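Report on the structure given below.
No experiment lies behind these values; they were computed from the predicted model shown.
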Amino acid sequence: KKMEANTTTPSSTDDITTTPSTSTTNNSTSTSTTSTSTPTATTVVGEYADKDVAKPALTEDNRNKEKIYCRHCGCTILDPNSASLIERGIFLHEDKKTTNDPSHGENLHMFWHVQDMWHFVNIAFSHTVGQCKYLTCADCEKGIVGVQYPSVDGTCYVAHHRVVYTPPPPRS
């Protein structure tokens, strides 16, 4: 997955990702991180991991018709009609341990756009990492489900590919 660097803070969140700085010289790409590993905004280049995922049930105004649940523990993340489905390219890391490693994540394009943090039923925010905060289920904290860009507009993006619409059966 090749990323093209853009070291400026985005004015909007169209096709952005958070990865450590990447530079290209003489046809070789090197990734450098500093002790703070500040992510920069970059344009997503390549295939989207969620390109073949079916769209969920939507209202007439493109909002979630059903509850949205954590795919790991079944906790409710969003109630019906609390987010809009949008298409926006964002590179999203797999879990909190890999936020400084650009090879551990995926390009996604279908996200639930949540206007502000008060619309969530249950969500946890990471500390700010570069220009973003990562979102995870507050009950199990297994994996990153989305991202917030506080310096841009403060809205949140929950990956359609990383949530479910029917709660998983309880574990025994």
Side-chain angles (χ1 to χ4, degrees), residues 1 3 13 15-20 31 33 36-42 44 46-58 63-150 152 154-172:
K1 298 173 184 171
M3 299 292 163
T13 50
D15 294 331
I16 58 178
T17 183
T18 54
T19 59
T31 302
T33 57
T36 59
S37 296
T38 303
T40 59
T42 58
V44 173
E47 291 291 316
Y48 289 110
D50 61 347
K51 66 182 170 76
D52 296 323
V53 176
K55 285 190 177 180
L58 299 171
R63 298 183 71 75
N64 59 313
K65 200 173 206 172
E66 305 167 334
K67 282 187 176 185
I68 297 174
Y69 301 94
C70 171
R71 68 180 175 179
H72 299 288
C73 72
C75 180
T76 302
I77 293 175
L78 288 164
D79 277 332
N81 206 33
S82 57
S84 299
L85 189 66
I86 61 166
E87 292 190 18
R88 173 160 292 152
I90 300 175
F91 179 90
L92 199 57
H93 293 280
E94 294 169 7
D95 58 48
K96 293 181 280 188
K97 297 173 195 155
T98 64
T99 56
N100 292 326
D101 185 350
S103 65
H104 287 92
E106 53 193 350
N107 295 329
L108 300 173
H109 84 289
M110 287 176 50
F111 285 86
W112 290 108
H113 179 254
V114 183
Q115 206 55 39
D116 60 48
M117 63 188 238
W118 305 112
H119 287 87
F120 287 101
V121 173
N122 186 29
I123 201 75
F125 290 77
S126 73
H127 291 286
T128 302
V129 180
Q131 65 182 16
C132 70
K133 291 183 178 188
Y134 293 101
L135 311 178
T136 188
C137 171
D139 275 6
C140 70
E141 295 187 10
K142 290 184 180 176
I144 294 171
V145 297
V147 67
Q148 178 194 40
Y149 297 97
V152 177
T155 60
C156 303
Y157 302 92
V158 175
H160 161 59
H161 185 60
R162 298 209 181 157
V163 294
V164 293
Y165 304 93
T166 350
R171 295 181 184 176
S172 49

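In this structure, the separation between CG on Leu92 and NE2 on His109 is 14.0 Å, given to the nearest 0.5 Å. Residue Ile123 holds its CD1 atom at 14.5 Å from OH of Tyr134, rounded to the nearest 0.5 Å. Note that CZ of Phe111 and CG of Leu85 are 10.5 Å apart. Values are rounded to the nearest 0.5 Å. In this structure, Thr136 OG1 and His72 NE2 are separated by 7.5 Å, a value rounded to the nearest 0.5 Å. A distance of 10.5 Å separates OG in Ser126 from NE2 in His93, rounded to the nearest 0.5 Å.
In this structure, the side chains of Phe125 and Pro150 stay at 4.5 Å or more apart for every pair of heavy atoms. Taking 4.5 Å as the limit, some side-chain heavy atom of Tyr157 sits within range of a side-chain heavy atom of His113. Taking the side chain as every heavy atom from C-beta outward, Tyr69 and Thr166 never approach each other to under 4.5 Å. Two residues are said to be in side-chain contact when any heavy atoms from C-beta on lie closer than 4.5 Å; Tyr149 and Ile90 meet this criterion. A heavy-atom distance below 4.5 Å is not found between the side chains of Leu58 and Lys65.
Formation of a donor-acceptor pair under 3.5 Å by the Asn64 side chain with backbone atoms of Ser82 is found in this model. With His160 contributing its side chain and Met110 its backbone, the two residues share no donor-acceptor pair below 3.5 Å.
Across all their heavy atoms, Pro56 and Trp112 have their closest contact at CG-CZ2, 3.3 Å. Scanning all heavy atoms of the two residues, the minimum distance from Gly105 to Glu94 falls at N-OE2, 3.7 Å. Residues Cys140 and Cys70 share a closest heavy-atom pair of SG-SG, 3.6 Å.
Under the side-chain contact (heavy atoms from CB on, under 4.5 Å) criterion, Pro80 pairs with Lys67, not counting sequence neighbours. Residues that satisfy the side chain to side chain donor-acceptor pair (under 3.5 Å) test with Ser84, not counting sequence neighbours, are Arg63. In this view, Asn122 and Cys75, Cys137, Ala138, Asp139 satisfy the side-chain contact (heavy atoms from CB on, under 4.5 Å) rule, not counting sequence neighbours. For Asp79, the side chain to side chain donor-acceptor pair (under 3.5 Å) criterion is met by no residue, not counting sequence neighbours.
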*Phe120/Val158 under side chain to side chain contact (heavy atoms under 4.5 Å, CB included): CA gap, chis, key distance, verdict*: CA-CA 11 Å; Phe120 287 101; Val158 175; 3.6 Å; yes
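Pairs of residues two or more places apart, or lying in two chains, that qualify as salt bridge (charged side-chain N to carboxylate O under 4.0 Å, His left out) and include a residue from residues 157-166 are Glu106-Arg162.
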